[in-house]
Number of protein chains: 2
Amino acid sequence: MARIKDVALLAGVNRSTVSRIINGEGKFRADTKRKVEQAMAELNYRPSAIARSLATASSNMVGLLVTYYTGGFFGEMMDQVQSELDCHNKFLITAQGHHNAEGEREAIQRFHDLRCDGYILHSRYLSDDELRELAKLPTPFVLLDRFVEGLEDRCITFDHTLAAQLAVGHLIEQGHRKIACISGDLNRETSKQRFQGYKNALQAAGIPFESSLTSEGNYGRESGYQAALNLYQQHDDMDALFSCSEEMMSGALQFFHQHKIAVPEQLSVTSFDSVYLCASFYPTVTAVHFPISDMARTAVAVLNHQLKKTETDIDRHFLPKLISRCSVLPR
Amino acid sequence: MARIKDVALLAGVNRSTVSRIINGEGKFRADTKRKVEQAMAELNYRPSAIARSLATASSNMVGLLVTYYTGGFFGEMMDQVQSELDCHNKFLITAQGHHNAEGEREAIQRFHDLRCDGYILHSRYLSDDELRELAKLPTPFVLLDRFVEGLEDRCITFDHTLAAQLAVGHLIEQGHRKIACISGDLNRETSKQRFQGYKNALQAAGIPFESSLTSEGNYGRESGYQAALNLYQQHDDMDALFSCSEEMMSGALQFFHQHKIAVPEQLSVTSFDSVYLCASFYPTVTAVHFPISDMARTAVAVLNHQLKKTETDIDRHFLPKLISRCSVLPR
DNA sequence: CTGAAAGCGCTAACAT
DNA sequence: ATGTTAGCGCTTTCAG
């Protein structure tokens with residue numbers, strides 16, 4: 001593998017001249033430049049990003065922490081982050097948190113070992129305190145879909161409560177009263193918020209909250225199926241259902257199909273939706289969209305400002321939008 | 001950020017001693033080891049993977065090229081590759097090929113710039129010749145789901161033709177004759193193979209091939225919907241359908257639901273399935289499973305042998321299995 | 001068992 | 001406009 005000194009030798013110049021030409025710093029005589037470029041081409045030379053990192057104390061790498069790779073949600077994030085990063089010629093390093101704090105810590109450790117210039121963390125299990133501690137270290141990072149007091153500048157947030165409220169509110173507007181809810185794992189902050197949004201919507205309409213109309217899932221399809229089953233056994237007269245995730249909605253729909261419960265004729269449904277799965281169901285499901293792509297893009301933008309230490313007024317807070325599809329009928 | 005020399009200073013030993021202790025090379029007096037470990041802890045020292053790479057001429061990074069991040073298929077691959085790599089303390093670098101040769105070239109370029117020790121390539125657009133050229137360079141790589149003559153040792157393959165044959169054969173066994181097919185983009189090698197499998201199955205059963213019973217999609221859901229529409233308009237009496245991808249099956253199912261065509265009572269269907277989407281449909285769809293996870297794991301294993309220059313008899317060829325679900329009824 | 005010194009491939013003052 | 005030189009943080013001979 002050719003090194004910079006081979007290029008310099010072949011071109012008959014000094015290594016630093018080559019370096020400068022590569023990095024476009026300063027001016028050079030046209031023919032030096034030509035000679036160098038020719039030598040690089042001839043030797044098929046590519047500078048070593050590693051050696052560069054060491055010399056410049058900047059790796060050009062950005063670490064992205066996600067909870068899991070599978071399921072499509074992550075792919076969406078990754079796609080956005082990568083394409084933003086590509087524009088700036090930075091490298092993307094990813095790691096999974098594996099659904100626990102220790103996993104997230106290890107992931108960040110890896111980023112640190114690689115001396116990533118910055119991180120984008122979709123952290124679910126690290127405590128606010130731990131994150132604030134991390135913020136004291138020199139490496140900048142932004143938090144994706146998380147709010148931590150004291151770290152406001154680094155937080156890309158989404159209003160989960162309002163989103164759920166919107167989805168349930170739509171059901172109410174269409175005249176539904178007996179509305180069931182499949183929540184996510186209620187240990188998770190955002191799940192709680194979504195659940196709260198469900199309650200808020202009911203309250204705003206003066207509908208009493210009834211806990212037997214709610215069932216906790218784990219965001220997976222099977223849990224959605226199971227929850228639908230539970231709910232239906234207790235309330236075969238419910239007139240609507242709200243699911244806190246698209247995957248769980250997928251399972252619920254399976255249950256309804258199987259039991260010949262017509263959606264939306266007999267039962268209206270709405271859902272949370274991240275990767276437009278709700279558009280692929282039958283019927284297509286009216287849902288609040290969780291704009292993870294836009295948020296991921298924003299995360300990179302904000303991180304870039306932190307890296308350059310420039311101020312920014314990029315809007316870091318996202319509001320939900322309801323996407324009307326075919327799963328709701330007025331009562 | 002503490003460096004090795006800070007640790008050495010604090011522990012009162014030489015840098016090389018620290019280095020040796022970190023890497024567990026040789027023997028040391030118990031108390032030197034203790035002192036050093038204490039110093040490392042105190043300084044919160046973590047060796048720089050970058051400096052290490054430069055010194056050892058080995059980056060401990062592995063590059064994974066995929067065509068796209070979105071859709072879940074990639075996540076599955078990535079998950080497997082990462083967890084295998086984790087065991088060996090290696091770093092995963094990913095890049096997208098962006099559905100064209102130039103994109104794949106750039107991705108590999110990135111891997112090279114980072115001096116990855118090896119690559120796992122899910123390459124769709126680079127020619128066999130180009131891949132053979134690449135094989136002449138010193139960096140080892142493995143090809144995922146691709147067969148290139150001369151590179152047999154590096155190819156992890158799957159029998160797409162047989163898989164399709166199995167899925168269509170099952171339909172035939174159940175007494176179906178008028179079987180439609182939604183194929184993938186026929187410019188792609190594996191799509192051609194799947195399509196060929198469809199034809200093979202028909203031929204084996206003595207059923208004449210009828211091109212109006214086939215429709216080409218692009219692996220996306222919408223194209224599946226469209227294809228189902230096309231096919232049904234021409235042959236509303238078809239008795240079965242085979243889809244070359246789960247996504248397209250999703251779209252087809254939407255069409256059938258919408259038009260009250262009962263699956264499987266009125267129409268039996270089978271599909272290709274990568275990430276078990278077919279289990280989430282209603283009805284659940286009988287499908288041949290494309291074992292991308294196992295293949296990805298194997299890819300890492302094979303690459304590891306290449307990196308260590310050891311021989312291996314790992315089985316690199318995968319055979320399809322049919323997973324029976326609820327979308328097929330005998331005629 | 002440990003230390004001294006050179007070097008990995010590059011960049012960045014500092015000269016000229 | 002280009003060359004000289006000294007690192008970046010680590011590993012790895014070679015000594016002892």
Side-chain angles (χ1 to χ4, degrees), chain A residues 1-40 43-61 89 91 111-117 138-139, chain B residues 1-40 43-61 89 91 111-117 138-139:
Chain A
M1 214 163 301
R3 294 139 307 165
I4 199 170
K5 83 168 154 196
D6 302 319
V7 176
L9 209 67
L10 184 60
V13 299
N14 188 275
R15 282 150 49 187
S16 26
T17 304
V18 178
S19 174
R20 286 187 196 103
I21 288 180
I22 291 172
N23 298 297
E25 287 169 1
K27 319 224 156 187
F28 343 84
R29 276 176 27 212
D31 75 314
T32 356
K33 185 164 176 186
R34 199 183 32 68
K35 275 189 311 190
V36 168
E37 279 168 349
Q38 203 171 310
M40 293 203 295
L43 295 172
N44 225 295
Y45 172 75
R46 289 247 100 201
S48 155
I50 289 192
R52 237 172 189 173
S53 301
L54 196 56
T56 57
S58 143
S59 65
N60 262 309
M61 298 183 197
N89 263 298
F91 299 101
F111 297 157
H112 173 67
D113 288 353
L114 280 171
R115 299 299 185 267
C116 287
D117 295 335
T139 311
Chain B
M1 215 162 303
R3 294 140 305 166
I4 198 168
K5 82 168 156 195
D6 302 317
V7 176
L9 209 65
L10 185 59
V13 298
N14 189 276
R15 282 149 52 186
S16 25
T17 303
V18 178
S19 174
R20 286 188 194 104
I21 289 181
I22 291 172
N23 297 297
E25 286 169 1
K27 318 227 155 188
F28 342 85
R29 279 181 18 216
D31 76 313
T32 356
K33 186 166 177 186
R34 200 183 33 68
K35 276 190 312 191
V36 168
E37 280 168 350
Q38 203 171 312
M40 293 203 295
L43 294 172
N44 226 297
Y45 172 74
R46 289 246 100 203
S48 155
I50 288 192
R52 238 172 188 172
S53 301
L54 195 57
T56 57
S58 143
S59 64
N60 263 309
M61 298 183 197
N89 264 297
F91 299 100
F111 297 156
H112 172 69
D113 287 353
L114 280 171
R115 298 300 185 265
C116 287
D117 296 334
T139 311

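Note on naming: letters A, B, ... go to the chains in the order of the sequence lines (proteins, then strands), and numbering restarts at 1 for each one. Worth knowing before you read on, the calculation uses all heavy atoms, side chains too, and leaves out hydrogens, waters and symmetry mates.
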Checklist entry - Roughly how many Å is it from CG in A:Asn23 to C1' in C:dG9, rounded to a whole number? => result 13 Å
Checklist entry - So which one's nearest nucleotide on DNA chain C is more toward 5', B:Phe28 or B:Ala57? => result B:Phe28
Checklist entry - Given atom NZ of B:Lys33 and atom C1' of C:dC1, what is their separation to the nearest angstrom? => result 14 Å
Checklist entry - Where the side chain of A:Thr17 is concerned, which of D:dG3, D:dT11, C:dA4 is the nearest nucleotide? => result D:dG3
Checklist entry - A:Ser16 near the nucleic acid: base, sugar-phosphate alone, or nothing, with a heavy-atom cut-off under 4.0 Å? => result base
Next on the checklist: Measure CG/B:Leu9 against P/C:dA4 and give the value in whole Å, please.
Outcome noted: 12 Å
Checklist outcome for this item: note: A:Arg15, atom CZ; C:dA15, atom C1'; distance rounded to Å ~ 16 Å
Next on the checklist: If you apply the rule side chain to side chain contact (heavy atoms under 4.5 Å, CB included), what do you find for B:Asn60 with B:Arg52, and how did you get there?
Outcome noted: CA-CA 9 Å; B:Asn60 263 309; B:Arg52 238 172 188 172; over 6 Å; no
Next on the checklist: The test is side chain to side chain contact (heavy atoms under 4.5 Å, CB included); show your working for B:Ile22 and B:Tyr45 and say whether it passes.
Outcome noted: CA-CA 11 Å; B:Ile22 291 172; B:Tyr45 172 74; 3.6 Å; yes
Next on the checklist: As a test of reading the structure: which of C:dC10, D:dA1, C:dA6 is closest to the side chain of A:Lys27, going by heavy atoms?
Outcome noted: D:dA1
Checklist entry - Where the side chain of A:Asn14 is concerned, which of D:dG3, C:dG3, C:dC10 is the nearest nucleotide? => result D:dG3
Checklist entry - How is A:Ser53 classified with respect to the nucleic acid when contacts are heavy atoms under 4.0 Å: base, sugar-phosphate, or nothing? => result nothing
Next on the checklist: Regarding B:Ser48, tell me which of base, sugar-phosphate or nothing describes its non-hydrogen contacts under 4.0 Å with the strands shown.
Outcome noted: sugar-phosphate
Item to check | A:Leu54 side chain, from C-beta outward: closest of C:dT11, C:dG9, D:dT11 | outcome: C:dG9
Checklist outcome for this item: Heavy-atom nearest nucleotide on DNA chain C taken for B:Val13 and for A:Thr56; more 5' hit belongs to B:Val13
Checklist entry - B:Arg20 versus B:Ser16: any side-chain heavy-atom pair under 4.5 Å? => result yes
Checklist entry - How close do B:Ile4 and B:Val18 get, heavy atom to heavy atom, and via which atoms? => result CG1-CG1, 3.6 Å
Checklist outcome for this item: Taking D:dT11, C:dA12, D:dC8 as options, the one with an atom nearest any side-chain atom of A:Ala55 is D:dC8
Next on the checklist: In this structure, how many angstroms lie between the C1' atom of C:dG7 and the CZ atom of A:Arg3, rounded?
Outcome noted: 12 Å
Checklist entry - Can you check side chain to side chain contact (heavy atoms under 4.5 Å, CB included) on A:Met40 and A:Glu37, steps first, answer last? => result CA-CA 5 Å; A:Met40 293 203 295; A:Glu37 279 168 349; 4.2 Å; yes
Checklist outcome for this item: Quick note, A:Arg29 side chain, CB onward, closest among C:dA12, D:dT2, C:dT2 is D:dT2
Checklist entry - Could you give the CZ-to-P distance, from A:Arg115 to C:dC10, as a whole number of Å? => result 21 Å
Next on the checklist: Just the rounded figure in Å: distance from P of D:dC10 to NZ of B:Lys5.
Outcome noted: 10 Å
Next on the checklist: Whole angstroms only, please: what is the CZ-C1' distance between A:Arg20 and D:dG3?
Outcome noted: 8 Å
